[in-house]
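Take a look at the structure below.
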Protein chains: 2
Amino acid sequence: MHFPEMIKYLKVRREMLQVTQEMLAELAGVSLRTLKQFESGRGNPTLQTLSKLADALGLELTFKVKTLSVNK
Amino acid sequence: MHFPEMIKYLKVRREMLQVTQEMLAELAGVSLRTLKQFESGRGNPTLQTLSKLADALGLELTFKVKTLSVNK
DNA sequence: CACAAAAGAGCAGTAAAATGCACTTTAATA
DNA sequence: TATTAAAGTGCATTTTACTGCTCTTTTGTG
């Protein structure tokens, strides 16, 4: 999952939960400015920031072993 | 997956692949200093840094929906 | 269209991540 | 035990993430 996908995923998740950026920022304990930057693709959040956001959205960061598929 | 677990996971993965910190740092395009700090728990890497490391280890960052379990 | 709420962005200050260099500690093994 | 590779750390510098404030743009609803 690369950058743009992660952003999209979190954004969709937020909207699905009907939470505004303002609410999420507050819930997550992240500044609104930072969240806005992140969602608009202008960011490289720290793991802590990303975790806080994921957490507030009921998500968890995990690793997945990449599989080597021949045909993409 | 929280901070200490992620560190542990990546470290174990690296060792499983018999890769030294030095090799991984080079492969991932991350400075050795940064990797050392991260693995020794003294860090809060940016998403970019974490992604590079995961990538080089054949791992992918993903989100997982947290389930609300009654009895933990 | 008019209005309001939500989202996006410029600017500047502060905090902290990333980096390089040099040194110390730990672990493996001859 | 001596040697050496790998891992860990202190310090200083550079880069950049985080933040608040303010303003603009977009979106949606009457």
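Please read these numbers as outputs of a predicted model, since none were measured by experiment. The chains referred to below are lettered A, B, ... by the order of the sequence lines, with proteins before strands, and numbering in each begins at 1.
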Exercise. Does A/E60 reach the side chain of B/V65, with side-chain heavy atoms less than 4.5 Å apart?
Worked result: no
Exercise. Just checking A/K11: base, sugar-phosphate only, or nothing, at a heavy-atom cut-off of under 4.0 Å?
Worked result: sugar-phosphate
For this session: Supply the atom-to-atom distance B/K52 NZ to B/Q48 CD, rounded to the nearest 0.5 angstrom.
Result: 4.5 Å
Exercise. Just how far, in rounded Å, is C1' of D/dG20 from CD of A/E26?
Worked result: 15 Å
For this session: Please step through side-chain contact (heavy atoms from CB on, under 4.5 Å) for the pair A/F63 and B/T62, ending with a clear verdict.
Result: CA-CA 6 Å; A/F63 291 113; B/T62 65; over 6 Å; no
Exercise. Do the side-chain N or O atoms of A/Q21 get closer than 4.0 angstrom to the phosphate oxygens (OP1, OP2) of C/dG8?
Worked result: yes
Exercise. Only one of A/L24, A/V12, A/L57 forms a side chain to side chain contact (heavy atoms under 4.5 Å, CB included) with A/L17, so which one is it?
Worked result: A/L57
Problem set entry | Selection from D/dT9, C/dA18, C/dA6 that lies nearest to any side-chain heavy atom of B/T46 | C/dA18
Exercise. Counting side-chain heavy atoms from CB outward, which of C/dA18, C/dG20, D/dC18 is closest to B/R33?
Worked result: C/dG20
Problem set entry | Below 4.0 Å: OP1/OP2 of C/dT19 and any side-chain N or O of B/S31 | yes
For this session: Considering just the side-chain nitrogens and oxygens of B/T34, establish if one lies under 4.0 Å of OP1 or OP2 belonging to C/dT19.
Result: yes
Exercise. Nearest of C/dT19, D/dT9, C/dA9 to any side-chain atom of A/R42?
Worked result: C/dA9
Exercise. Taking only side-chain nitrogens and oxygens of B/T49, does any of them come within less than 4.0 Å of OP1 or OP2 of C/dA17?
Worked result: no
